[in-house]
Amino acid sequence: MKKLQPVRGTHDILGDKALRFRSIYEIFRRTAEKYHHHFIDTPIFEFTEVFRRTLGDTSDVVSKEMYVFEDRGGEELTLRPEYTAGIARAFMSNALTQSVPCKFYSYGPIFRYERPQKGRMRQFHQMDVEILGVPNVQADIEILALASDFLKGLGIGQHVTLELNSLGDSESRTSYREALIQYFSGFKKDLSEDSLKRLEKNPMRILDSKDEGDRALIVNAPRIAEFYNDYTKGFFADVIAGLDSFGIEYKVNDRLVRGLDYYSHTAFEFTTDQLGAQGTVLAGGRYDGLMQQMGGPETAGIGWAAGMERLAELIAADKIIAPIRPITVVPVGTDSQNAALKIAHDLRLAGFHTDMGYSGNMGKRMKRAHKSNSAFVILVGEDELTRGAVMVKNLDNGSQEEILLDHLQSYISGKL
RNA sequence: GCGGGUGUAGCUCAGUUGGUUAGAGCGCUAGAUUGUGAUUCUGGAUGUCGCGGGUUCGAGCCCCGUUGCUCGCCCCA
């Protein structure tokens, strides 16, 4: 082993970070299940085609961020760079098109070959929810409510704002796109280099450019709302009315654009100003055209994904689940080792979290027990054993008492 | 892919205009206390100064390259 370091952009998750991840996942799971979403776990790699077809060849994700490899059988595979395409594939592979609506939640690693930064890694973790087969606004409203409940459950509702937009149906979007191209083409010499490329590939992206020169032009650019047809207008109004009736706060941002090709209608992002350049903590939208793009039947879809690493930086201390306080069983001498092991085993069978003080002198074992956050140490010594008892020490107040083995479990459960 | 900052002990960091054996605190460890932790006291070990080359009588310090980390851009959770 030459390098004992993790691959760039990957991290080990342990200690406090592991606790945060577990806490967040637990709250996510409970919230998603309250909305009766079902757990789904799809492979972390798929045929490259699954992502290439759905995300669009020109998207940055496909063109420069995917971990693509060929396996020994010569198949072109890709580590998933996002959730939706894989779930959509699973939806069709398992013939669930016959069982709509389907509501899913999932959690796991996502891979993108990017330059790492704060809140951005090459392997990171997302929590994802999807509703498939509900084309009307009920799905939009519920998926946003689920997001809002989740973030409030984490205690970060105050630090996060919901930005909302409608990208319209394809008719509205096509005419808006043309209007944008026409408008910006008149200012080609003033546009930044990046935006000139966007003009070719994805003109709507110009709208969230950070370049100052671009921003001056954007102020007077056509607004998407002017190009909504009646259906889009009504749809968006209904989503907003739903949020109002739920008391969910939002900010309409008509410059909000989604990176991936398959979005339509509702698009949203929950952002924070506390994470530097990576402000988006949860984002998603409606993707009614996706299934068809993959060669399946027309199926409506909407969902979002939340970034675990980013949320872990924001989570309130009181939402982090307390580390478990075990009981540590310490044999006093080698003679009592077997008896101690048996006592620990019995405690575990009775449901107690139990650890062993394996080695070292008494001082060392006590120290380790203390460090492991133990509530009690059970000292198993020859003297006590002859009386059918053990010494139980409370590590919080230092008191200790000799307890008959027969009474051990009831004694401890009374004190925990 | 582009641009900036940075790298000394497990952690947080000192280290003079380049000058012998590279330091502190925390943590770790041994003992005081061979059946008792979080307090105290006394000892101990921390290290390829990221890596490779160069300049120099001499480099942790200067120069070049490289790599990791980090911040920003692109893009995104």
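First the proteins, then the strands, lettered A, B, ... as listed; each starts at 1.
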Within less than 4.0 Å of OP1 or OP2 of [N], is there a side-chain N or O belonging to [X]?
X         : N      : result
Arg120(A) : A77(B) : no
Arg205(A) : C76(B) : yes
Arg115(A) : U70(B) : no
Gln117(A) : G72(B) : yes
Lys367(A) : C28(B) : no

Checklist entry - Less than 4.0 Å between a side-chain N and a carboxylate O, is that true for Glu313(A) and Arg20(A)? => result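 Salt bridge absent between Arg20(A) and Glu313(A).
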Applying a 3.5 Å limit to both distances, which nucleotide forms a Watson-Crick or G-U wobble pair with [N]?
N      : answer
U66(B) : G50(B)
G44(B) : C28(B)
A14(B) : none
G3(B)  : C71(B)
G58(B) : none

Under 4.0 angstrom, heavy atoms only, what part of the nucleic acid is [X] near: base, sugar-phosphate, or nothing?
X         : result
Glu114(A) : base
Gly119(A) : base
Ala369(A) : nothing

Next on the checklist: Should the side chain of Glu384(A) and the base of G35(B) be counted as holding a donor-acceptor pair, with the cut-off at 3.5 Å?
Outcome noted: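 Flag set: donor-acceptor pair detected.
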Checklist entry - If we ignore angles and hydrogens, is there a donor and acceptor under 3.5 Å between the side chains of Tyr250(A) and Asp244(A)? => result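 There is such a pair between these side chains.
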Next on the checklist: Consider side-chain contact (heavy atoms from CB on, under 4.5 Å). Of Asp128(A), Leu146(A), Leu154(A), Val129(A), which one does Phe28(A) pass it with?
Outcome noted: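 Going through the options one by one, the only one that passes is Val129(A).
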Checklist entry - When the aromatic ring centroids of Phe235(A) and His265(A) are compared, is their separation below 6.0 Å? => result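 Yes; His265(A) has its ring centre under 6.0 Å from that of Phe235(A).
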Item to check | Span that lies between the P atom of G58(B) and that of G19(B), in whole angstrom | outcome: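 14 Å, rounded to whole Å.
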